[in-house]
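Report on one structure; see the data block that follows.
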Amino acid sequence: QVQLVESGGGLVQLGGSLRLSCAASGFAFSNYIMSWYRQAPGKSRELVAAITGSASDTNYADSVKGRFTITRDNAKNTVYLQMNSLKAEDTAVYYCTANHQIWGQGTQVTVSS
């Protein structure tokens, strides 16, 4: 079964950290560019970070540069998003996607003050 399953979301205080995971199954994970998107209430979905299949290249939204890090473990078919120095505006549902063809169900991240 082709699927992506996100985990690791939750409630965190301002300035805190979280690590999101996205476990893939049913497809050749290492062949896919993996990305994290987020969608806040009333806003459109936006790209947060992306990583190539070999992990040779990464890309970040300006709003998260220096705070978030995307990595992947192709042996475990998993992509991660380490989020540090979290801000209130990082509150959103976070989704992972494989080449924008396969999407996970999302995980909620809430940053509280």
Side-chain angles (χ1 to χ4, degrees):
Q1 182 182 2
V2 173
Q3 65 177 358
L4 294 171
V5 179
E6 300 99 334
S7 61
L11 178 64
V12 63
Q13 288 191 334
L14 207 60
S17 298
L18 278 177
R19 189 176 82 152
L20 306 183
S21 299
C22 172
S25 59
F27 62 97
F29 179 75
S30 62
N31 291 345
Y32 285 71
I33 294 171
M34 296 299 298
S35 306
W36 286 96
Y37 278 73
R38 67 186 180 187
Q39 187 166 20
K43 295 188 177 181
S44 57
R45 196 172 293 190
E46 63 172 356
L47 175 68
V48 176
I51 187 167
T52 56
S54 64
S56 58
D57 291 297
T58 57
N59 184 43
Y60 296 92
D62 287 344
S63 58
V64 306
K65 279 180 183 176
R67 299 189 299 122
F68 290 11
T69 303
I70 187 170
T71 57
R72 66 191 296 160
D73 185 338
N74 286 343
K76 295 183 178 179
N77 287 353
T78 302
V79 61
Y80 305 96
L81 186 68
Q82 177 66 43
M83 306 186 295
N84 299 328
S85 303
L86 283 162
K87 305 176 180 180
E89 51 264 43
D90 295 319
T91 295
V93 178
Y94 284 71
Y95 301 88
C96 66
T97 178
N99 279 7
H100 303 101
Q101 298 169 346
I102 306 163
W103 290 82
Q105 81 289 349
T107 186
Q108 176 70 48
V109 171
T110 303
V111 183
S112 69
S113 55

Exercise. Nearest 0.5 Å, what's the CD-CG distance between Q108 and L11?
Worked result: 9.5 Å
Problem set entry | Parallel, tilted or perpendicular: ring planes of Y32 versus F27, cut at 30 and 60 degrees | perpendicular
For this session: Spell out, as yes or no, whether a donor-acceptor pair under 3.5 Å connects the side chain of N74 to the backbone of F29.
Result: no
For this session: Check the hydrophobic clustering (I, L, V, M, F, W, Y; side-chain heavy atoms under 4.5 Å; chains of links allowed) and say if M83 and Y37 are grouped together.
Result: no
Exercise. Taking the side chain from Q105 and the backbone from V5, do they hold a donor-acceptor pair closer than 3.5 Å?
Worked result: no
Exercise. Out of curiosity, Q39 CD to E46 CD, how far, rounded to the nearest 0.5 Å?
Worked result: 9.5 Å
Seminar exercise, completed: Exactly one of T107, T97, L4 clears side chain to side chain contact (heavy atoms under 4.5 Å, CB included) with C22, and that residue is L4
For this session: Apply side chain to side chain contact (heavy atoms under 4.5 Å, CB included) to the pair Q82 and S17, showing each step before the final yes or no.
Result: CA-CA 7 Å; Q82 177 66 43; S17 298; 4.0 Å; yes
Exercise. Nearest 0.5 Å, what's the CG-OG distance between N59 and S35?
Worked result: 8.5 Å
For this session: State yes or no: do V48 and Y60 share one hydrophobic cluster built from I, L, V, M, F, W and Y residues joined by side-chain heavy-atom distances below 4.5 Å, directly or via other members?
Result: yes
Problem set entry | Basic-acidic side-chain contact under 4.0 Å: D62, K65 | yes
Problem set entry | Spatial distance of atom CZ (R67) from atom OG (S85) [nearest 0.5 Å] | 7.0 Å
Exercise. Step by step, would you call R38 with S63 a side chain to side chain contact (heavy atoms under 4.5 Å, CB included)?
Worked result: CA-CA 12 Å; R38 67 186 180 187; S63 58; 3.4 Å; yes
Exercise. Does the side chain of Y94 reach to within under 4.5 Å of the side chain of E6, using non-hydrogen atoms?
Worked result: no
Exercise. When rounded to the nearest 0.5 angstrom, what distance separates CE in M34 from CG in L81?
Worked result: 11.5 Å
Exercise. In terms of hydrophobic clusters joined by side-chain contacts under 4.5 Å, are L14 and L20 together?
Worked result: yes
Exercise. Can you tell me how far the CZ atom of R72 sits from the OG1 atom of T58, to the nearest 0.5 Å?
Worked result: 12.0 Å
Seminar exercise, completed: Of all heavy-atom pairs linking A50 and L47, the shortest is CB-CD1, 4.5 Å
Exercise. Would I102 and Y95 show up in the same hydrophobic cluster when neighbours are defined by side-chain heavy atoms closer than 4.5 Å?
Worked result: no
For this session: Verify, without hydrogens or angle tests, whether S56 (side chain) and S54 (backbone) share a donor-acceptor contact under 3.5 angstrom.
Result: no
Exercise. Just wondering, are more than 12 heavy atoms of other shown residues or ligands nearer than 6.0 Å to CD in Q13?
Worked result: no
Problem set entry | Shared hydrophobic cluster, V64 / L18 (ILVMFWY, side-chain heavy atoms < 4.5 Å) | yes
